[in-house]
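Data block below; observations after.
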Protein chains: 2
Amino acid sequence: MKIKKDTKAEILKASKELFSQKGINSTGMRDIASIVGIKQSAIYNHYKNKESIVNAVIDDLFLHTLPQEKDIALASKGKSFLRDYIVEFKILCFDKAREKEFKIVMKELYNHEKIRNDFKELVYGKHLKYLSKVFFTMMQDNLIKSSDPYQLSSEFFSHLLMLKFEITLFKLDDDTQIKFTNLFEKHLDFFWENISL
Amino acid sequence: MKIKKDTKAEILKASKELFSQKGINSTGMRDIASIVGIKQSAIYNHYKNKESIVNAVIDDLFLHTLPQEKDIALASKGKSFLRDYIVEFKILCFDKAREKEFKIVMKELYNHEKIRNDFKELVYGKHLKYLSKVFFTMMQDNLIKSSDPYQLSSEFFSHLLMLKFEITLFKLDDDTQIKFTNLFEKHLDFFWENISL
DNA sequence: GTCTATATAGCGATAGAC
DNA sequence: GTCTATCGCTATATAGAC
């Protein structure tokens with residue numbers, strides 16, 4: 001096995017870690033370098049400046065924050081479709097790498113315009129609209145009561161977002177993980193009971 | 001009318017403004033001083049250091065972020081109690097001073113331990129429990145279906161929090177204000193229809 | 001109470017030796 | 001590609017004149 005030291009990748013990894021802990025502004029080039037095991041000035045052989053590191057981190061910040069958008073036709077499965085969605089959402093909540101990314105987003109949401117715009121586009125411009133289509137499909141299949149699909153997606157999603165928010169705010173031991181798993185299930189039951197025909 | 005220049009109060013006000021715009025770490029003593037109209041070093045005649053300014057700002061950060069907790073007995077009014085609650089919540093969302101405070105909280109939630117703990121205590125330790133009592137009362141009065149009161153408060157509150165979140169993320173012109181007012185009302189209708197007997 | 005001047009430390013970034 | 005050394009700038013905080 002060849003051991004190839006990819007310094008550029010290590011810089012990116014260390015930056016991600018530090019950005020999620022201390023925020024972008026409070027992370028110095030010296031902090032990053034010390035984790036990688038090089039001197040501060042050596043970073044500039046791999047990245048032009050700090051901003052280009054930040055951009056590299058941002059680039060794969062939103063790749064896996066939300067469940068993958070499945071074929072809308074699968075929405076005809078009804079409650080089990082939503083259960084699959086929530087399970088995937090929950091896994092992302094407890095994923096260490098995803099948690100770090102989410103912390104970066106939360107920390108920089110009001111400081112960094114690109115992160116804010118990417119977040120808005122992902123959640124409001126894309127994902128809530130996807131969920132709207134899901135609920136619209138369920139209405140056409142007479143699985144749920146007829147109402148405003150976007151409102152349903154918003155009601156459905158907001159509680160998941162609050163749980164994710166809670167998970168990152170509170171320390172995660174095994175007990176709380178079980179507790180939250182239970183809360184996800186209860187949300188599904190509550191929501192489905194209220195919308196289903 | 002006596003014009004009394006209360007420099008200490010002006011420092012606090014300027015700090016609040018700047019903290020909400022740029023965050024605590026990115027706000028310099030020079031920035032604060034320049035708004036007040038004094039030199040940076042003069043601040044130290046009023047506050048020992050930057051930390052004491054931060055603490056002063058934090059002290060009244062959570063005084064008016066959430067609706068006032070009313071007498072639980074009033075919960076017997078049912079839907080109109082929740083409507084009053086939401087109206088008060090909505091007013092706080094559109095209040096300029098409250099919006100600034102909320103931005104500070106959001107910016108510092110993952111950076112500043114005291115702000116994070118105060119926020120957790122207010123929302124999870126206090127307010128959601130208050131709302132639980134509200135829904136428990138409604139159950140006793142046979143106004144709503146019997147279920148877990150804490151889950152109801154969480155389902156009720158999460159969507160309001162997401163709307164508040166949205167309001168601070170998006171630019172606020174008159175159109176969006178009307179749009180959000182409508183969304184608050186729709187949430188109430190959706191929620192009440194689902195829980196009421 | 002405010003000013004100027006300064007101490008001390010940190011930041012991002014560059015130059016040039018190896 | 002990494003190092004040492006350094007530049008220019010900004011930060012918080014202090015000392016002492018007025």
Side-chain angles (χ1 to χ4, degrees), chain A residues 1-59 61 103-104 107-108 110-115, chain B residues 1-59 61 103-104 107-108 110-115:
Chain A
M1 185 171 136
K2 191 164 67 171
I3 297 178
K4 192 190 164 208
K5 263 195 67 170
D6 189 344
T7 309
K8 184 162 184 170
E10 284 179 38
I11 291 170
L12 193 63
K13 196 185 162 197
S15 301
K16 247 184 172 171
E17 178 65 38
L18 287 169
F19 289 172
S20 80
Q21 281 175 23
K22 321 201 297 174
I24 293 175
N25 276 346
S26 302
T27 297
M29 302 296 266
R30 286 166 181 84
D31 301 323
I32 299 168
S34 108
I35 289 187
V36 178
I38 55 176
K39 294 294 172 186
Q40 176 243 150
S41 58
I43 293 180
Y44 292 87
N45 289 312
H46 304 277
Y47 289 94
K48 192 196 160 204
N49 50 26
K50 185 178 175 180
E51 194 193 352
S52 69
I53 298 180
V54 172
N55 287 333
V57 171
I58 292 176
D59 272 344
L61 205 53
K103 270 196 182 178
I104 296 177
K107 276 175 192 286
E108 307 300 334
Y110 292 98
N111 298 323
H112 199 286
E113 199 185 350
K114 179 160 168 41
I115 291 180
Chain B
M1 185 170 135
K2 190 164 68 172
I3 298 178
K4 192 190 163 208
K5 263 193 68 170
D6 189 344
T7 309
K8 184 162 185 170
E10 284 180 37
I11 292 171
L12 193 63
K13 196 184 163 197
S15 301
K16 246 184 171 171
E17 179 65 38
L18 287 169
F19 289 171
S20 81
Q21 282 175 21
K22 322 201 296 174
I24 293 175
N25 276 346
S26 301
T27 298
M29 302 297 263
R30 283 174 182 82
D31 301 324
I32 299 168
S34 109
I35 290 186
V36 177
I38 56 177
K39 295 295 173 185
Q40 175 241 149
S41 59
I43 292 180
Y44 293 86
N45 289 312
H46 304 278
Y47 290 94
K48 192 197 161 203
N49 49 28
K50 186 178 175 179
E51 194 193 351
S52 70
I53 297 180
V54 172
N55 287 332
V57 170
I58 292 177
D59 273 345
L61 205 54
K103 270 196 181 176
I104 297 176
K107 275 175 193 287
E108 307 299 335
Y110 291 98
N111 298 324
H112 200 288
E113 199 186 350
K114 179 160 167 42
I115 291 180

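Just so we're clear, the structure is a prediction, and the values are computed from it rather than from any experiment. FYI, side chains are in, hydrogens and waters are out, and symmetry mates aren't considered; it's all heavy atoms of this structure. Here is how names work: the chains are called A, B, and so on, in the same order as the sequence lines, proteins then strands, and each is numbered from 1.
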**Study point:** Heavy-atom protein contacts under 4.0 Å, nucleotides 6-13 of chain D, coded B base, S sugar-phosphate only, - none
**Key:** -----BBB
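The CD1-C1' distance, from A:Ile53 to C:dC11, rounds to 14 Å in whole Å. Put simply, NZ on A:Lys39 is 5 Å from P on D:dT4, counting in whole angstrom units. To the nearest angstrom, P of C:dC11 lies 11 Å from CD1 of A:Ile32. Regarding A:Ile38, its CD1 atom lies at a distance of 15 Å from the C1' atom of D:dT4, rounded to whole Å.
In terms of heavy-atom proximity, B:Ile11 sits nearest to B:Ser15 at O-OG, 2.7 Å.
When side chains are defined from C-beta on, B:Ile24 does not count as touching B:Asn111, because their heavy atoms never get closer than 4.5 Å. Residues A:His112 and A:Val54 are in side-chain contact: their nearest non-hydrogen atoms beyond the backbone lie under 4.5 Å apart.
Applying the salt bridge (Lys or Arg N to Asp or Glu O under 4.0 Å) rule to pairs touching residues 37-49 of chain B yields nothing, sequence neighbours excluded.
Under the side-chain contact (heavy atoms from CB on, under 4.5 Å) criterion, B:Asn25 pairs with A:Ser26, sequence neighbours left out.
When atom types are taken as modelled, the side chain of B:Lys50 and the backbone of B:Thr27 share a donor-acceptor pair closer than 3.5 angstrom.
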